[in-house]
Amino acid sequence: REEFMKRRVGFSFLTVVLMAILSILIAHTRSSIPTLDGTLIYHRYSSYEAWDATVWMVDLPTGKQTQVGAQWKGVDSPINAHFSADGQTITFMGSNAGLSEKDWDVFVSRWDGAQWSEPLNLTGPNGARDEDPKFAPNGRTIIYKENGVLATVSKGGGHKKYLTAGQPESSMPFYSPDGKTILFERGGQIYTLKKGATTLMRSGAGRSSYYPIALDNQSFLYTRVQDNDHDAIYKGFFDRRPSIRYFFNSVDWDSSDSYPLAGGGRYLFYVSGNFLIPHGGYNLMVADLKAKKAYDLDELFKGLRSRDLNSDFEELGPAWTDVR
């Protein structure tokens with residue numbers, strides 16, 4: 001019995017030590033996972049052609065997820081939302097509800113203190129493809145594409161100004177933070193528009209580029225289709241220096257739809273087709289550029305949520321604001 005008690009005490013002590021080590025390892029693992037601030041907005045759908053998209057927000061400090069506009073009646077399949085500088089208004093593309101033939105238009109919705117207001121259609125229905133809306137830094141103007149022509153409109157609607165009429169098709173416009181330069185895609189390349197002059201940006205290896213997002217007044221993010229058909233994310237420069245390829249790109253799956261957190265000096269959001277993530281389709285990711293680590297967005301909230309943020313639908317088009 002005495003020998004048995006010694007063994008029992010020894011076993012109990014060993015158990016306590018192992019549990020302590022495990023707790024330290026778990027705490028260390030959690031401490032290495034980024035703690036982010038602000039709000040992330042994105043959309044999900046079963047497919048682009050299904051017209052079943054919904055928009056979602058995540059409060060990044062807590063992981064709380066809410067559907068944006070769950071009460072809306074007048075718009076179908078909202079996608080590609082973007083915040084105004086003050087975080088109080090969003091613009092996005094969608095179609096007026098109830099149309100027999102869907103018609104992409106540009107909408108805005110304002111936060112009323114409790115929910116996002118019923119959207120205002122700024123551009124239609126007009127029989128045109130009004131797509132890719134993004135706020136100007138001043139928060140008053142929205143730039144978008146109308147049938148391949150870059151245009152601007154006030155967030156309250158009204159007169160439209162066409163910037164590239166008579167020029168080759170242009171799409172995916174995005175302002176630099178100072179509002180002086182417009183990035184856009186044309187013919188599979190990234191261009192800038194400044195004081196009426198267009199300039200071709202320098203791309204990395206691959207076949208075509210799209211989805212430019214300004215980081216600051218000197219650099220931008222964009223997605224490049226590689227020779228192996230997989231997308232990769234690069235950092236480009238307005239002075240046409242060679243682009244930088246990010247560490248998280250893969251030759252086996254797509255990386256696209258990048259968006260910076262607070263200027264992108266440390267963290268980037270993006271979308272990955274990584275088939276090792278336990279969800280179908282495309283999923284939201286966070287890249288820690290300093291630690292050179294990439295995380296499935298759900299890894300940030302393990303133990304804090306009973307339901308994953310990524311799903312078997314396609315999660316796409318992330319955008320960020322520092323406002324919660």
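Just so it is clear, the model here is predicted, and its values are computed rather than measured.
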| request: Give the intermediate values and the outcome of side-chain hydrogen bond (donor to acceptor under 3.5 Å, both in side chains) for residues S272 and N283. | output: CA-CA 5 Å; S272 176; N283 295 286; over 6 Å; no
| message | Evaluate Y222 against E185 for side-chain hydrogen bond (donor to acceptor under 3.5 Å, both in side chains), listing each step before the verdict. | response | CA-CA 10 Å; Y222 67 100; E185 181 274 341; over 6 Å; no
| field | Test side-chain contact (heavy atoms from CB on, under 4.5 Å) applied to K155 and L120, step by step | value | CA-CA 9 Å; K155 71 174 183 180; L120 171 67; over 6 Å; no
| task | Step by step, work out the side-chain contact (heavy atoms from CB on, under 4.5 Å) result for V251 and Q226. | result | CA-CA 8 Å; V251 297; Q226 306 297 283; over 6 Å; no
| request: List the steps, then state whether ring-ring contact (aromatic ring centres under 6.0 Å, His included) holds for F248 with Y270. | output: CA-CA 10 Å; F248 50 78; Y270 69 102; 4.1 Å; yes
| said: As a quick check of understanding, evaluate side-chain contact (heavy atoms from CB on, under 4.5 Å) for F237 and M201, giving each step before the final call. | reply: CA-CA 8 Å; F237 299 92; M201 295 291 96; over 6 Å; no
| field | Stepwise side-chain contact (heavy atoms from CB on, under 4.5 Å) test for T152 and I142 | value | CA-CA 5 Å; T152 60; I142 294 167; over 6 Å; no
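Using a 4.0 Å cut-off between charged side-chain N and carboxylate O, D229 and R207 make a salt bridge. Electrostatic pairing of R224 and D231 does not count as a salt bridge here, judged by no charged N lying under 4.0 Å from a carboxylate O. Taking the charged nitrogens against the carboxylate oxygens, K293 and D288 have no contact shorter than 4.0 Å, which rules out a salt bridge.
When ring centroids are compared, F184 and Y191 come within the 6.0 Å threshold. A centroid separation of 6.0 Å or more is found between the aromatic rings of Y234 and Y246. Between F92 and H43, the ring centre distance reaches or exceeds 6.0 Å.
Two residues are said to be in side-chain contact when any heavy atoms from C-beta on lie closer than 4.5 Å; F83 and T39 meet this criterion. Using a 4.5 Å heavy-atom cutoff, the side chains of L215 and P260 are in contact.
A continuous path of ILVMFWY side-chain contacts below 4.5 Å connects L60 to V271, so both sit in one hydrophobic cluster. Follow the hydrophobic side-chain contacts under 4.5 Å out from V75 and you never reach L99; the two are in separate clusters.
Here Y295 contributes atom OH and F269 contributes atom CZ; the two are 13.5 Å apart, rounded to the nearest 0.5 Å. Taking CG of D105 as the reference point, atom CG of D103 lies at 4.5 Å (rounded to 0.5 Å).
Side-chain contact check for D254 and Y282: at least one donor-acceptor pair (N or O, by modelled atom type) lies under 3.5 Å. N80 and D132 share no side-chain donor-acceptor pair at under 3.5 Å. With no hydrogens or angles considered, a side-chain donor-acceptor pair links T89 and R110 at under 3.5 Å. Q167 and R186 form a side-chain donor-acceptor contact under 3.5 Å, judged by distance and modelled atom types alone.
In this structure a side-chain-to-backbone donor-acceptor pair under 3.5 Å is present from E118 to G74. In this structure, S77 contributes its side chain and G94 its backbone to no donor-acceptor pair below 3.5 Å. Judged purely by atom type and a 3.5 angstrom limit, S176 uses its side chain to pair as donor or acceptor with the backbone of T181. D216 places a side-chain N or O within 3.5 Å of a backbone atom of S219 that can act as its donor or acceptor partner.
When all heavy atoms of T164 and G148 are compared, the pair lying nearest together is OG1-O, 4.4 Å. Residues E146 and A128 come closest through the heavy atom pair CG-CB, 3.9 Å. Scanning both residues, D37 and R324, for their nearest heavy atoms gives OD1-CD, 3.5 Å. S209 and I190 get closest at one heavy-atom pair: CB-CG1, 3.7 Å. Between P133 and V106, the shortest heavy-atom contact is CB-CG1, 3.7 Å.
Between F220 and F238, the ring-plane angle classifies as tilted under the 30° and 60° cut-offs. Ring geometry for Y48 against W104 counts as tilted: the plane angle lies between 30° and 60°, on a 0 to 90° scale.
Because its NZ or CZ atom is both nearer than 6.0 Å to the ring centre of W56 and within 45° of the ring axis, R44 counts as a cation-pi partner of that residue.
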